[in-house]
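Notes follow the structure.
Order of the sequence lines fixes the chain letters, A, B, ..., with proteins taken first and strands second; residue numbering starts at 1 for each chain. Being a predicted model, the structure only gives us computed values, none of them experimental.
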Number of protein chains: 2
Amino acid sequence: MSDNDIVNDLLQAGELEDQLTPKQRQILQAAVEMFAEKGYASTSTSEIAKRAGVAEGTIFRHYKTKKELLFAIVSPMITKFAVPFFAQHFVKQVFDREVSGYEELLRNLIHNRFEFVKENVTLLKIVLQEVAFHEELQERYKSIFRENVLESFEETVKHFQEKGQIKDYPVHSVIRLTISTIIGFLVTRFIIMPDYDWDDEKEIDRTIDFIMNGLEK
Amino acid sequence: MSDNDIVNDLLQAGELEDQLTPKQRQILQAAVEMFAEKGYASTSTSEIAKRAGVAEGTIFRHYKTKKELLFAIVSPMITKFAVPFFAQHFVKQVFDREVSGYEELLRNLIHNRFEFVKENVTLLKIVLQEVAFHEELQERYKSIFRENVLESFEETVKHFQEKGQIKDYPVHSVIRLTISTIIGFLVTRFIIMPDYDWDDEKEIDRTIDFIMNGLEK
DNA sequence: TTCCATAGTGAGTGATTACTCACTTTACAA
DNA sequence: TTGTAAAGTGAGTAATCACTCACTATGGAA
């Protein structure tokens, strides 16, 4: 999967959302709701059609198969979640000395992804569920993660290790600990305990503190 | 859900495994394999019967419905994963001063659960997938977690906070950060990157170090 | 040997599945 | 106004679904 494909996906996704027929939009909306509620496999196309208020045939006019409908929903999300997770401008900031340290980087990152998850929990639930069973999605996810997140992240961690700001753990361990703490927070906040009385700002501060102290020399 | 139910479950589970008919064992084995591969909803009872080498009717002789078969697999696992996650004897150790600090407790905990996950990845994948869609399972999980893990864990964290070993974050934050770091490690190790060339002992040490430094005063 | 409960069977059930296709409606350019 | 491509329809289809039931096989107690 080349860089071009990824860009095309984003463009396609962006453009498509404006080119959508009203009925097509209703279909996507209904599908997202039901996939999140009962899962892809146990949602039937007839149910989707009913909730969308369209004929069942209309679904297959726009999507050749049920699976194609799933991928139309899920594929753009994989890109949108992974890519800005560690977007290019973060790395630029770092090397242009616009960012003072790993902590400020972390703060940008976590705030940025917090807002994104907040607005896309439903869609991300579907991704999380379905990635497990579709190899195509796994490979898509892996290559996007490798090319857009991992490479930049590695550079950055090395940079801060050389500056003596963080421990000399293997780069992969630093990344693993950082990301799994952040994702652990987001999953707890929005999926496991969304109804708990969260003080988001303080909890984010504690999470950043925890990572920084954990990695500090 | 009372303590009795939980104990009964464990006993039932334990006893059942010995009381199982050969064919019933084959059914469970086949079901576990296929649920993990393709998911519960997209595995048919006829496929299970075929792989188990039994007639489809035999499945329904032992399990009234397909869902009952799923629960027979998943329910004991929820208990087995959650309960020893923070079992009674850990807490005893702590208050009997048999354990010197949070770090040793952590080390016991992480080693213990590491071995368990290693031997039960397949089953835990199914649990992870299906808990999302079955409220009965969610409630079962929540009550077991609350009664067997959370209460003991809260006591212990308070204890170490009073001794001045760990930060005065809200107890829930300490627990969340600890557990999500551990689970983050286990998920990365066994589900996301099981084929990576892991140095388990060192990675466990780093994970413990990370948590300790992150929480230390 | 006889009896009986339990285990196992597989053809059969109606409901539901993803998907098709011949058709109608809509929107817009010529 | 007419022509045409795309959007939308819903009855129809073969396949598959979870589950039933009348039946046979098995193994141990009386």
Which residue pairs pass the salt bridge (Lys or Arg N to Asp or Glu O under 4.0 Å) test when at least one of the two sits in residues 116-135 of chain B, sequence neighbours left out? none
Interatomic distance, CD1@A:I59 vs NZ@A:K66, rounded to 0.5 Å, equals 10.0 Å
Does any residue of residues 51-58 of chain A have a heavy atom under 4.0 Å from DNA chain C, and if so, which ones, in number order? A:E56
Pick the nucleotide of DNA chain D nearest each of B:E47 and A:T21; which residue has the one closer to the 5' end? A:T21
Could you check how far NE2 of B:H62 sits from P of D:dC19, rounded to whole Å? 16 Å
The first and last nucleotides of DNA chain C lying within contact of chain B, meaning any atom under 4.0 Å from one of its heavy atoms, run from C:dA7 to C:dG10
To the nearest Å, how far apart are A:Q24 CD and D:dT9 C1'? 16 Å
May I ask you to check whether over 12 heavy atoms, not counting those of B:K38, lie within 6.0 Å of atom NZ? yes
Base, sugar-phosphate, or nothing: which does A:T43 touch, judged by heavy atoms less than 4.0 Å apart? sugar-phosphate
Please round to the nearest 0.5 Å and tell me the distance separating atom CD1 of B:I183 and atom OG1 of B:T178. 11.0 Å
Working to the nearest 0.5 Å, report the span between CD of A:E151 and OG1 of A:T156. 11.5 Å
Donor-acceptor pair between A:T45 and A:E56 side chains, under 3.5 angstrom: yes
Any side-chain N or O of A:K23 under 4.0 Å from OP1/OP2 of D:dA7? no
For B:Y40 and D:dC17, what is the distance between atoms OH and P respectively, to the nearest whole Å? 13 Å
Six-ring centre of B:Y40, B:K67 cation under 6.0 angstrom, axis tolerance 45°: no
So which one's nearest nucleotide on DNA chain C is more toward 5', A:S44 or A:R61? A:S44
Can you check whether B:K64's main-chain N or O pairs, donor with acceptor, with B:E68's side chain at less than 3.5 Å? yes
Could you check whether any side-chain N or O of A:N120 sits under 3.5 Å from a backbone N or O of A:F116, counting only pairs where one atom can act as donor and the other as acceptor? yes
Starting at atom CZ of A:F60, determine the distance to atom C1' of D:dT13, rounded to an integer number of angstrom. 13 Å
